[in-house]
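This report refers to the structure that appears directly beneath it.
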Amino acid sequence: MFYTSTRDKAVKVTAAQAIAKGISSDGGLFVPAEIPKITLDDIAKISKLDYIGRAKEILKLYLTDFTEEELDMCVNSAYKAGKFSSEKVAPLHKLNDKANILELWRGPTCAFKDMALQILPYLLTVSAGKTLKDTKIVILVATSGDTGKAALEGFKDVPNTEILVFYPVDGVSPMQKLQMTTQEGNNVSVCAIHGNFDDAQSGVKSIFTNKQIEEKFKENNFAFSSANSINWGRLVPQVVYYVSAYCDMVEQGSIKLGEDINIVVPTGNFGNILAAYYAKEMGVPIKKLICASNANNVLTDFLKTGTYDRNRNFYCTSSPSMDILISSNLERLIYILSGYDADKTADYMFALAKHGKYTVDEDIHAKICECFDAGFCDDIATKDTIKEVFENYEYLIDTHTAVAVNVYNAYAKESGDNTPTVIASTANPYKFSASVLSAIETDVKSEDEFSMVEELFAKSKEPVPPQLANLKGKTPRFTRVAAKEDMAQVVFDMLGI
Ligand SMILES: *Cc1c(COP(=O)(O)O)cnc(C)c1O
């Protein structure tokens, strides 16, 4: 299977090249030239396997230039027993007759980003071994909070790599910040920037595509890659858990093989929901993909109207990992729905860069409406949903998952659609203790982060992940705050070039 760029149809690379490079030099994203198919028979067979077995079956369809041994090594290392707090890796929790919560936060950093970032370092090392000899890979990450920590944890002390994470100084939760600034490892660095996530992401993207910086890197035997979901190696492992969730729905008797499900995803950069779209296009019986946003509802408007317009207020919400106005992965969807038209996709993306706005053709929008529904909710509704779910089902959810549950409830009510549904749960509630606690407790006594964690435990009896509890009292290693214009300098400083 070959990969091409969403902005240049002349590009033709292998999976390893796409993963090692991260982003195409024309600024486009790498996409498989076709989407592999699976049948219901395949799904029935895959259902009998554990998560590791399921991952191998799906990934081999996309990473056709990896040998079986290489793929086994990657998957076994990433998802081996003990790394995730559930032996199922991504277990389903049955909330009620219709709704099932897909717990994607069982990994080492308690957010769904671990699902991909535990395997990406292995995929990337194998890919680099095939394509870049004697070169050290520098991973640059822009994070709205969770990617940063998950990438640091995945790449720490991985030979021949350096990793540098940029986060918006006021855009992450206290727990997220502490997780990153206390990161251990000899090849890691973390820097805050004055700006929001979009500034961090644009800064990283412009470093990636700057020819002068590329030359300087070459002279020093460095090459960039990305751990953000613009990297195909980040996206493809996410397809696995949607196939796996479907298998589990069948296995637990919630549906019969072949019956449709809906999937609801709390969305920021459009990576997670795009992975669900790939699962649908592969042949998993999925009726609707429901895109849930917070007050930064640029995607709700786009999916409903066909006009993407980022010229609007940016809000800092209680679901900070979704505080994004430029959703990078939407480019891949538009490319596919335009009939793999790279010129058209490039035009839209240039309009976005120049005017902050574009409108897709009518037929593209019609295709969007066929597969997608969308909704959003504000922080008050998010809180109410956490409380409702806790009181009705004795189940504690974080703010991001609450946005998804809220949007799902509204969708189900309005449409009357009672298709069995999987709701992606993207973070453990203790990552956002202040918001979650104030949702279920009217009289909060604690003031600092860790007393809130304790108070939340006392109230909910939900176990605190040890990797979060253990951060208490740790001194931050990384305290630099830089202007967004100085991000390239921060990279040079870290590498000593
Ligand atoms: C990253 C993240 C999201 C958004 O996922 P995208 O793939 O960027 O759409 C949602 N919730 C949490 C907790 C996250 O960390």
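Counting starts at 1 for both ligands and their atoms, following the listed order.
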- request: Verify whether the ring centers belonging to Tyr395 and Phe390 lie closer than 6.0 Å.
  value: no

field: Ring center gap for Tyr278 and Trp232 short of 6.0 angstrom
entry: yes

- request: Could you name the option among His400, Lys113, Lys149, Arg234 that has the heavy atom nearest to atom 3 (C) of ligand 1?
  value: Lys113

query: Are His400 and Phe112 an aromatic pair by the rule of ring centers under 6.0 Å?
result: no

- request: If you have a sec, work out which protein heavy atom is nearest atom 8 (O) of ligand 1 and how many Å separate them, to one decimal?
  value: Asn269 N, 2.8 Å

- line: Heavy-atom proximity to atom 5 (O) of ligand 1, picking from Phe197, Phe270, Phe112, Trp105, points to Phe112

task: From the options Val298, Asp323, Ile324, Asp199, select the one residue that forms a side-chain contact (heavy atoms from CB on, under 4.5 Å) with Phe314.
output: Asp323

task: For the pair Thr6 (side chain) and Leu29 (backbone), establish whether a donor and an acceptor sit closer than 3.5 Å, ignoring hydrogens and angles.
output: yes

message: As an exercise, identify every atom of ligand 1 less than 4.0 angstrom from a heavy atom of Met322.
response: 10 (C)

message: Counting the benzene-type ring for Trp, do Phe30 and Tyr3 have ring centres under 6.0 Å apart?
response: no

statement: Near Thr267 (heavy-atom distance under 4.0 Å), the atoms of ligand 1 are 9 (O)

- request: State whether the side chain of Lys474 and the backbone N or O of Thr181 hold a donor-acceptor pair below 3.5 Å, judged by distance alone.
  value: no

message: Below 3.5 Å, N or O to N or O, backbone or side chain included: is there any such pair between Gln238 and ligand 1?
response: no

- prompt: For ligand 1, which atoms, with element, lie under 4.0 Å from some heavy atom of Ala427?
  reply: 13 (C)

message: Tell me whether Gly271 has any N or O atom under 3.5 angstrom from an N or O of ligand 1.
response: yes

Ile119, Thr125, Val126 screened by side-chain contact (heavy atoms from CB on, under 4.5 Å) with Leu123, the one that passes: Ile119

query: What residue and heavy atom of the protein are closest to atom 9 (O) of ligand 1, and at what distance?
result: Gly268 N, 2.7 Å

Nearest-contact summary for atom 11 (N) of ligand 1 - protein heavy atom, Å: Thr426 OG1, 2.8 Å

Atom indices of ligand 1, in the order listed, that fall short of 4.0 Å to a heavy atom of Asp146: 12 (C), 13 (C), 14 (C), 15 (O)

- line: Output for pair (Leu95 CG, Asn392 CG), nearest 0.5 Å, gives 9.0 Å

- prompt: Where is the nearest protein heavy atom to atom 7 (O) of ligand 1: which residue, which atom, and how far?
  reply: Asn272 N, 2.9 Å

- prompt: Is Lys431 touching ligand 1 with its side chain, its backbone, both, or neither, if touching means heavy atoms under 4.0 Å apart?
  reply: neither

message: Looking at ligand 1, would Pro266 count as a contact under a 4.0 Å heavy-atom criterion?
response: yes

